[in-house]
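Data first, discussion second: the structure below is written as C-alpha cells.
Nothing fancy with the numbering, it's 1 onward along the sequence. Counting starts at 1 for both ligands and their atoms, in listed order. Just so we're clear, the structure is a prediction, and the values are computed from it rather than from any experiment.
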Amino acid sequence: MKGKLITFEGSEGSGKSTQIELAQCYLEAKGLDVLFLREPGGVVISEEIRNILLDTATVGMSDECETLLYMAARAQLVEEVIIPALKDGKVILCDRFLDSTVAYQGYGNGVKIQEIKKIGAFATQGYKPDLTFLFDLDVHEGLARINRPKDRIENRAIEYHNRVKKGYLAIAKLEPSRVKVINSKKSKDEIQSVVKKHLNRLLNLKA
Ligand code: TMP
C-alpha cells in the first residue's frame, strides 16, 4: 500500500473545505498525484445515498438506518475508489470519514460507539486514515457561517451540534498522533501553515 489517506473532519461551517482546496493545490504543486473525495458521496451510489441522508424531505429516519446509510455510502467509496487509489500511490484528501459517524451518529444521536466501530471496520475493510485534521470552532459561529438553506443534519438543534463537537474532541484525545486539532478561529494563512507542516511530515516533503 503506497498511497496515503488524509481526512478532514469538523462540525458545520468549521472551514475545512477551504483548507482542503489549499492542501490539494499545495500537494499538486509538489508533484504528487492527489485525489479529492467527499463523504457521504464521491461515487454514483454514495452520492445517491447522500441525497437521501441530507434531504430535508427525509423524515422519520431511525438512528440505526442513518448510521447504516452513512456506512453503506462509505463501503462503496472505499471499495470503488479508495482502495484502488491507495494501491496506485495516490494521496487521497477525503472530506469526512468514519470519525464523522462516531461524532454525529455516536455522540450526536447516541448510537453506541462500540457498534459504530464494529460496523465501521466492516465498511472500511479495516482501512484507516494516516492523518486526520479536526477543524474546531464554536458551534454557533460555525452554523452562522452557512449561507445557503441548511440540510437535514445542519437543521438539528444546537445541543446536537454541541455533542458532535464534544465527540470530535474526545476522538482527538484518544488518538492524538493521528488526529490534529486545528483552531478554526485562526487566520486562513496561519491554519494553512499548520496543515502544511503536518503534510510535510507525513509525506516527507521539504517545506
Ligand atoms: P458535509 O456538509 O460536510 O458535506 O457533510 C454532510 C453532512 O453529513 C454533515 O452534516 C455531516 C453529516 N455526516 C454524518 O452525520 N455522518 C457521517 O458519517 C458523515 C460522513 C457525515
### Query
Once the angle between the rings of F135 and F8 is folded into 0 to 90°, is it parallel (under 30°), tilted (30 to 60°) or perpendicular (over 60°)?
parallel
### Task
For the pair E66 and R152, evaluate salt bridge (Lys or Arg N to Asp or Glu O under 4.0 Å) and give the outcome as yes or no after the intermediate values.
CA-CA 11 Å; E66 183 176 298; R152 193 177 69 91; 3.0 Å; yes
### Query
What do the steps show when you test R156 against E12 for salt bridge (Lys or Arg N to Asp or Glu O under 4.0 Å), and what is the final call?
CA-CA 11 Å; R156 289 181 174 164; E12 310 301 333; over 6 Å; no
### Query
Among all protein non-hydrogen atoms, which one is nearest to atom 10 (O) of ligand 1, and what is the separation to 0.1 Å?
E12 OE2, 2.7 Å
### Query
Of all the non-hydrogen atoms in the protein, which one sits nearest to atom 1 (P) of ligand 1, and at what distance?
R96 NE, 3.6 Å
### Message
Keeping D130 on the side-chain end and I6 on the backbone end, is there a donor-acceptor pair under 3.5 Å?
### Response
no
### Message
Regarding ligand 1, does R50 bring an N or O atom to under 3.5 Å of one of the ligand's N or O atoms?
### Response
yes
### Task
Give a yes or no on this: more than 12 heavy atoms of other residues, nucleotides or ligands lie within 6.0 Å of atom CD1 of I45.
no
### Query
Near I153, which atoms of ligand 1 are under 4.0 Å from a heavy atom of that residue?
10 (O)
### Query
When only distance counts, is T101 in polar contact with ligand 1, meaning an N/O pair under 3.5 Å?
yes
### Query
Looking at residues at least two apart in the chain, or sitting in another chain, which of them share a side chain to side chain contact (heavy atoms under 4.5 Å, CB included) with D88?
K90
### Task
For Y127 and F97, work out which heavy atoms get closest and say how close.
O-CE2, 3.9 Å
### Task
Write out the residue and atom name of the closest protein heavy atom to atom 15 (O) of ligand 1, then the distance separating them to 0.1 Å.
Q105 NE2, 2.9 Å
### Message
When you compare the side chain of E141 with that of K185, does any pair of heavy atoms fall below 4.5 Å?
### Response
yes
### Task
Output the list of atoms in ligand 1 that are nearer than 4.0 Å to some heavy atom of K16, sorted by atom number.
3 (O)
### Message
My understanding is that we take every heavy atom of each candidate and find the minimum distance to atom 8 (O) of ligand 1. Doing that for Y70, Y104, F8, which one comes out nearest?
### Response
Y70
### Message
If the contact criterion is a heavy-atom separation under 4.0 Å, does R38 count as touching ligand 1?
### Response
no
### Task
Have a look at ligand 1 and work out which part of L54, if any, has a heavy atom under 4.0 Å from it: side chain, backbone, both or neither.
side chain
### Message
I need the atoms of ligand 1 closer than 4.0 Å to a non-hydrogen atom of R74, numbered in the order shown.
### Response
18 (O), 20 (C)
